[in-house]
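Every chain is numbered from 1 and lettered A, B, ... according to where its sequence line falls, protein lines coming before strand lines. If you're wondering where the values come from, they're calculated on a predicted model, not measured in any experiment.
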Amino acid sequence: MKKGDHLFLVDGSAYIFRAYHALPPLTRKSDGLPVGAVSGFCNMLWKLVEESRDTTVGVAPTHFAVIFDHSSTTFRNELYDQYKANRTAPPEDLVPQFAVIREAVRAFDLPCIEKQGYEADDLIATYTKQAIAAGGDVTIVSSDKDLMQLVGPGVILYDQMKDKRLGPEEVKEKFGVYPEKMIDLQALVGDTSDNVPGVPGIGPKTAAQLLDDYGDLETLLERAEEIKQAKRRENLVAFAEQARLSKRLVTLDCDTPLDTPLDDLFLNEPDGEKLIAFLKAMEFTTLTRRVAATLEVSASDVETATIAVDTPARGPDLDPMAGSGPAAIGGGEDGAPRLALVPAMLVESRKGEAAAASFDHSAYLTIRDEASLRDFLAEATETGILAFDTETDALSAMNGKLVGVSFAVAPGRAAYVPLGHVSPNGEADLLSERSAEEEIGPQIPLETALAILKPVLEDPAILKVGQNTKYDTLVMMRHGIVVAPFDDTMLISYALDASASLSGHGMDELSERFLGHKPISFKDLCGSGRNARPIASCEIERVTHYAAEDADVTLRLWRVLKPRLAAEGLASVYERLEKPLVPVLARMEERGIMVDRQILSRLSGRFAQKQGGLEAEIAELAGEEFNPGSPKQLGEILFGKLGLPGGKKTKGGQWSTDVKVLEELAAEGHPLPSKIVEWRQLTKLKGTYTDTLPNHMDAAGRIHTSYSMASTTTGRLSSSEPNLQNIPVRTEEGRAIRTAFVAPEGKKLVSADYSQIELRILAHIADIPQLKQAFVEGLDIHAMTASEMFGVPVEGMPSDVRRRAKAINFGIIYGISAFGLANQLAIPREEAGLYIRRYFERFPGIRDYMDATKAFAKQHGYVETLFGRRAHYPDIKSPNASMRAFNERAAINAPIQGTAADVIRRAMVRMEPALAEAGLSAKMLLQVHDELIFEVPDEEVDATLPLVAKVMAEAPLPRVDLSVPLVVDAKAAENWEAAH
DNA sequence: GTGGTCTCCTA
DNA sequence: GTAGGAGACCACA
C-alpha cells in the first residue's frame with residue numbers, strides 16, 4: 001500500500017443486520033433456505049463493487065476487505081463481564097444466512113476477514129491505522145457510531161444505504177464533537193445496545209457540551225466538582241470510574257494482530273463466472289442478470305454452484321453468546337467453507353427449548369404509564385421481535401372495543417397494558433365516593449397508548465407476531481394502525497399441519513401440543529354463561545396473567561413453528577398464500593356488504609304466511625298437533641301412527657326423515673311428507689336467512705362476515721357470523737334472498753366466478769387429453785363426458801343423460817364410490833359401479849391419478865396441491881376400512897379442491913394492486929370458493945369486469961401454467977341474484 | 001347452559 | 001363420494 005491507494009473496509013456484520021431488517025423475508029425457492037439477508041447483502045456489495053469500478057467518482061478502491069465479528073466474546077468481556085450481555089440471539093431465520101454470506105464474499109473474490117476474540121471494529125481500526133501510516137486513504141463502509149472515532153484526515157465513513165459520506169465536520173454536526181472526542185463522548189453517554197454503562201443522566205447533548213467546556217474526559221472528571229448542576233455533578237463524581245471503564249470499552253484496538261496483512265487486501269477484477277455460479281445457486285435471478293450484463297458473462301453458460309452442506313456440532317443458535325459469530329462454521333479440507341444445514345437443526349433445538357418451557361405468571365408486567373410502555377417496547381427494538389395480542393370486549397373484531405393489549409419480547413418476558421378496564425362494580429360505582437381510577441388503578445389513555453404503539457407496530461424493522469393476526473390487524477386497523485411486518489402462528493401451523501385428524505390451530509391447542517402447557521382459558525378468567533363477565537371488568541392482575549401469557553405463548557410458538565416452514569419446504573405456501581391474504585380479508589370484512597332490510601322482512605312475512613298454512617295442513621293430515629321441526633316426533637307420526645312403509649333408516653336409533661326418505665314416501669302418493677318437505681324448506685330459509693341476517697346488520701345496513709383462514713383441511717376459506725358462503729341459490733324462493741344483497745346508490749355489485757375450475761384442474765393434474773381438449777374448445781364438459789361414456793351425440797342429448805355424466809364428473813372430484821354415486825342418482829349400486837368402470841375405461845388417466853394419489857398419501861401421510869400446500873391424512877393407514885376409504889377419498893379430493901383454493905387466493909392477493917394500478921376503485925367484498933363479489937361505481941363497471949376476469953384467469957401464473965384455460969364469468973347488476 | 005344429532009344451505 | 005356453518009331439537013348436567 002502506498003500513497004494514492006484507497007482502502008475500502010466494509011463492516012460486514014452491520015451490513016448483515018441492516019440487510020435483514022430492511023428487507024422482507026425471502027427464501028430460496030428450491031429448498032426454503034432463508035436468503036433475505038444474503039440477497040440484501042449481495043445487492044449492497046454488488047452496488048459497492050459497481051460504484052468502485054466507476055473511476056469518475058475519484059474514490060475507486062485499490063484495496064478492499066469485508067470484515068466480520070467472529071464471536072461476541074472478546075477482550076472487552078474481561079474488562080467488563082456485562083459487555084453486550086443484553087444482546088439476544090439473532091433472529092432464527094437469519095442464523096443460517098451468516099455462513100452463506102461469508103460464502104458470498106468469497107464469490108465476489110473479496111477478502112473476508114475475522115478474528116477470534118476481536119470485534120470487526122477493532123480489525124477495521126487496525127487496518128485503517130496501517131493504511132494511513134502507509135500514506136493511503138480509507139473509506140469505512142458502515143454507519144456505526146462506534147467507528148466515528150476513526151474518522152480523520154484521509155478517513156471517511158460511508159453510509160451506503162443513505163448514500164452519505166461522513167468526514168470530521170459531519171461527525172461534529174451529528175454529535176457535537178469532532179471525531180477525536182467521540183471516544184470521550186461515548187464514554188459519558190454509554191451505549192444501551194452494547195451495555196456500555198456511561199454516566200447516568202448524561203446524553204449526547206450534555207456530553208458534547210461538557211467536552212466543549214472541559215476539553216476531554218479526564219479533565220472533566222478531575223474538575224467535576226466545579227459543575228453547577230447538582231445532579232450532574234454528583235453523577236460525574238460517583239460514576240467517574242464507570243466512565244473510565246466505558247472509555248476502555250468503546251476505544252477500538254488499533255493494534256490487533258492481523259492474519260491477513262494489509263497489502264494482501266489488493267482488489268482484483270471480480271471473477272464473473274465464480275460470482276454468477278454462486279448467485280445462480282442462491283436463485284437471485286435479477287442480480288444474476290445484472291452482474292452478467294456488467295461483467296459481460298453469459299449466465300446461462302455458467303454452471304450453478306453447489307452449496308455443500310455440513311452440520312456443525314453446535315450452531316450459533318444454541319449458544320446465545322455466539323451472537324453473530326461464525327464460530328460454528330468449519331472449513332472444508334479443500335479450504336472451501338461448508339454451510340451448516342441449519343433449518344433442520346434449528347427445528348430440533350427449538351423443539352427442545354419448547355419442551356423445557358416453563359411459565360411464571362407472576363413475572364408478567366402490568367403497564368400503567370407511558371414511560372414503562374416505551375421502555376418495554378424499546379426492548380422489541382433491540383430484539384426485532386414483538387409478539388402481541390389484543391383483548392376486546394366482543395368476539396368479533398368488527399364490534400370489539402379495545403380493552404387492553406399484551407406484548408412479549410422474549411420467552412417469559414411479557415406485559416399487559418390495560419386500556420379500557422372499568423370498575424367491576426359497574427354502575428354501583430357511580431354512587432360510591434371513589435373514582436374508577438382509585439379503584440382499579442391508573443391506565444394509559446387509549447389515544448396516548450395508540451400513539452406510542454403506532455410507530456412500533458408499523459416499524460419495518462420489528463416483526464410483530466400474533467395468533468390469528470387478522471383479528472388483531474382488524475382491531476388495530478379500526479384505530480388507524482397498519483400492523484406490518486407480521487407473522488401469524490396460526491397460519492404457520494396451518495401451512496405446516498393442515499390435517500383431517502387434528503382438530504385445529506387455536507392457540508390453546510398449539511400450546512398444549514408444542515409447549516406442553518395449558519394456558520389460562522378465557523372461561524377461567526371471565527366465567528361463562530350467566531356468570532360470564534366482560535373482560536373489561538375483570539381484575540386487572542388476573543387479566544395480566546391471562547393476556548400476557550397469550551403473548552408469551554404466541555412468541556414461544558413462533559420460535560418452535562417458524563423454522564419448520566423453511567425446513568419442511570412450506571415457506572412459499574405461508575408467504576404467498578397465507579400471510580398476504582390476511583390484510584386483504586381484514587379489509588373485506590371491514591367493508592361488509594350492503595343488505596336491504598325491507599326485502600328480507602317482506603320475504604320473512606311471505607314465508608311466515610305460507611308456513612302457517614302448511615302447519616295447519618300438516619296437523620290436519622297427521623290428525624294431531626305436533627312439532628314438524630322435531631325429527632323424532634315426525635318419525636313417530638309417519639312411521640308409528642300412520643304406519644307408512646318407512647325405509648326404517650336410522651343412525652342414532654331413530655327414524656330417518658331426511659328429504660330423500662320423505663320424497664320417496666311422497667312418490668308413493670302420501671300427501672303429508674311433501675308438505676313436510678315444503679315446510680322445512682320455508683322454515684330453513686326463514687330461520688337461517690330472512691329472520692337472522694338482519695340481526696347481523698350494522699347501522700349502515702351492512703353485514704360483515706368473518707373469514708376463517710385455517711379451518712379447512714384443503715385451503716379453502718370458511719365464513720361465519722354469518723356464513724355468507726351458503727346463501728341459497730338453487731330454488732327460486734332461495735334466490736329471492738340474494739336480491740337483498742345490494743350495492744349502494746351509484747354502484748353495482750359485480751360477481752366473477754371461475755367456470756368449472758375443479759374439473760379443469762383435474763383435467764390438468766390427471767392429464768386427460770379428451771377433457772383438456774374439450775376445455776380448450778370451450779365445449780359443454782358434462783355433455784362431452786356423456787357422449788364419451790354412453791355414445792350419445794351431444795346434439796339433442798336427453799337432459800337426463802347429461803345429468804348422470806355431470807354427477808359422475810363431480811363424483812370423480814369427490815373420490816367417487818359406487819355407493820355415493822348410486823345415492824346421488826337414485827340408481828342401484830351395481831349400475832353405479834358399471835358407470836364408474838366405464839368412466840375409467842374411457843379416461844384411464846383418472847384411475848392412474850387416483851391410484852397415484854392414494855399411494856403418495858399412504859407413503860407420505862399427506863397430499864399436495866400444485867402450489868405446494870399440504871393436507872395431511874394420517875388415518876389413511878387406519879385398519880378401519882371405512883375410515884381408510886374416507887381418507888382415501890378426501891386425499892383424492894384435496895389436491896383438486898386445494899389447488900382451486902390456492903388459485904383464488906392468489907387472485908385475491910393480486911386483485912387490490914391490479915385495481916389500484918388500473919386506477920379503479922372496485923372493492924372486493926366476498927369470496928364464495930370460486931366466486932368473488934365486488935362493489936363497483938357505475939361508471940367503472942365496464943373497465944372493471946375484464947380486469948377482474950384477467951387477474952382471476954391468470955392467477956396460477958407464473959408458478960403454474962395450466963394446460964387448460966381458466967374461464968371467468970363476470971357480470972354486474974343491482975343485486976347479487978342478478979349479478980350471479 | 002353445554003354438547004351431540006339431524007337436517008339443510010353453499011361450492 | 002369432497003369441503004364447510006348454522007339452526008332446531010333434545011338429553012344431559
Side-chain angles (χ1 to χ4, degrees), chain A residues 498 500 523 527-532 627-635 649-662 676-677 679-689 691-693 695-696 705-708 711-731 733-735 737-738 753-759 762 807-825 829 832 835-836 850 863 871 873 882 885-898 900-901 904 926-931 980:
Chain A
K523 262 196 210 167
S528 66
R530 90 162 53 152
N531 298 321
N627 180 359
S630 163
K632 195 177 167 222
Q633 291 179 36
L634 177 63
K649 295 182 179 175
T650 53
K651 261 170 204 159
Q654 279 182 16
W655 299 103
S656 170
T657 64
D658 63 19
V659 255
K660 241 186 75 189
V661 173
L662 296 181
I676 297 282
V677 170
W679 180 88
R680 274 197 188 152
Q681 201 212 343
L682 284 168
T683 314
K684 175 76 176 177
L685 295 178
K686 185 168 180 292
T688 309
Y689 302 103
D691 284 355
T692 317
L693 285 173
N695 301 335
H696 290 282
T705 184
S706 169
Y707 287 103
S708 167
S711 56
T712 72
T713 313
T714 54
R716 273 193 178 179
L717 302 178
S718 76
S719 155
S720 62
E721 291 179 290
N723 181 355
L724 294 186
Q725 289 180 324
N726 71 346
I727 302 303
V729 71
R730 292 176 58 191
T731 66
E733 275 166 326
R735 272 198 301 278
I737 293 168
R738 291 195 170 212
D753 68 305
Y754 287 105
S755 162
Q756 309 282 12
I757 187 168
E758 294 190 350
L759 267 180
L762 172 70
I808 296 170
N809 276 334
F810 275 100
I812 295 297
I813 292 170
Y814 296 154
I816 204 152
S817 77
F819 180 85
L821 184 63
N823 230 12
Q824 174 69 28
L825 289 176
R829 202 182 313 178
Y835 286 177
I836 295 171
M850 291 184 159
V863 289
Y873 296 97
S882 75
F886 176 79
N887 277 275
E888 285 173 357
R889 289 193 298 271
I892 286 166
N893 173 257
I896 302 167
Q897 188 186 116
I904 198 166
L926 300 179
Q927 189 249 44
V928 192
H929 308 309
D930 65 358
E931 175 186 16
H980 186 67

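Scanning atom types as modelled, one donor and one acceptor separated by under 3.5 angstrom connect the side chain of A:Lys684 and the base of B:dC8.
A:Ser708 comes within contact range of no nucleotide atom at all, as no heavy-atom separation falls under 4.0 Å. Among the heavy atoms of the strands lying under 4.0 Å from A:Gln824 is at least one base atom, whether or not backbone atoms are also near. Looking at heavy-atom distances under 4.0 Å, A:Gly811 makes contact with a base. No engagement by A:Glu758 is indicated, since no non-hydrogen atom pair under 4.0 Å with the nucleic acid exists. Counting any heavy atom pair closer than 4.0 Å across all strands shown, A:Ile816 reaches a base atom. Nucleic acid contact class of A:Ala832 (heavy atoms, under 4.0 Å, all strands): none. Within 4.0 Å of A:Ser817, counting heavy atoms only, lies at least one base atom of the nucleic acid. Within the nucleic acid shown, A:Ile727 comes within 4.0 Å of sugar-phosphate atoms alone, with no base atom in reach, counting heavy atoms only.
With rounding to whole Å, A:Phe810 atom CZ is found 10 Å from B:dA11 atom P. At whole-Å resolution of the value, NZ in A:Lys523 and C1' in B:dG3 are 10 Å apart. Residue A:Arg716 contributes atom CZ, which lies 14 Å from atom P of B:dT10 at whole-angstrom precision. The distance from atom CD of A:Gln927 to atom P of B:dT10 is 17 Å, rounded to the nearest whole Å. Taking atom CG on A:Asn726 and atom P on B:dT10, their separation rounds to 8 Å, with Å as the unit. Across the protein-nucleic acid pair, A:Leu634 atom CG and B:dT5 atom C1' stand 15 Å apart, rounded to whole Å. Put simply, CG on A:Asn627 is 14 Å from P on B:dT7, counting in whole angstrom units. Atom pair A:Lys660:NZ and B:dC8:C1' shows a separation of 15 Å (rounding to whole Å applied).
Of the candidates B:dC8, B:dA11, B:dT10, the closest approach to any side-chain atom of A:Asp658 belongs to B:dC8.
Listed by chain and residue number, A:Lys660 satisfy the side-chain hydrogen bond (donor to acceptor under 3.5 Å, both in side chains) test with A:Asn823 (two or more places apart in sequence, or in another chain). A:Thr712 pairs by the side-chain hydrogen bond (donor to acceptor under 3.5 Å, both in side chains) definition with A:Tyr494, not counting sequence neighbours. Under the rule for a side-chain hydrogen bond (donor to acceptor under 3.5 Å, both in side chains), the partners of A:Tyr835 that lie at least two apart in sequence or sit in another chain are A:Arg804, A:Glu831. Under the rule for a side-chain hydrogen bond (donor to acceptor under 3.5 Å, both in side chains), A:Gln824 has no partner lying at least two apart in sequence or in another chain.
Sequence order on DNA chain C of the closest nucleotides to A:Ala500 and A:Lys632 puts A:Ala500 first from the 5' end.
Between A:Arg680 and the phosphate of B:dC8, there is a side-chain N or O to OP1/OP2 separation shorter than 4.0 Å. In terms of phosphate contacts, A:Ser719 brings no side-chain nitrogen or oxygen within less than 4.0 Å of OP1 or OP2 of B:dT10.
Of all nucleotides in DNA chain C, those with any atom nearer than 4.0 Å to a heavy atom of chain A start and finish, going 5' to 3', at C:dG1 to C:dA11.
Applying the side-chain hydrogen bond (donor to acceptor under 3.5 Å, both in side chains) test to every pair with at least one member in residues 807-816 of chain A, sequence neighbours left out, gives these pairs: A:His782-A:Asn809, A:Thr785-A:Asn809, A:Asn809-A:Tyr839.
Pairing each heavy atom of A:Asn893 with each of A:Thr714, the nearest pair is OD1-CG2, 4.5 Å.
With rounding to the nearest 0.5 angstrom, the CD atom of A:Gln897 is 9.0 Å from the OG1 atom of A:Thr713. Of the inter-residue distances, the one linking A:Arg716 atom CZ with A:Asp930 atom CG reads 7.5 Å to the nearest 0.5 angstrom.
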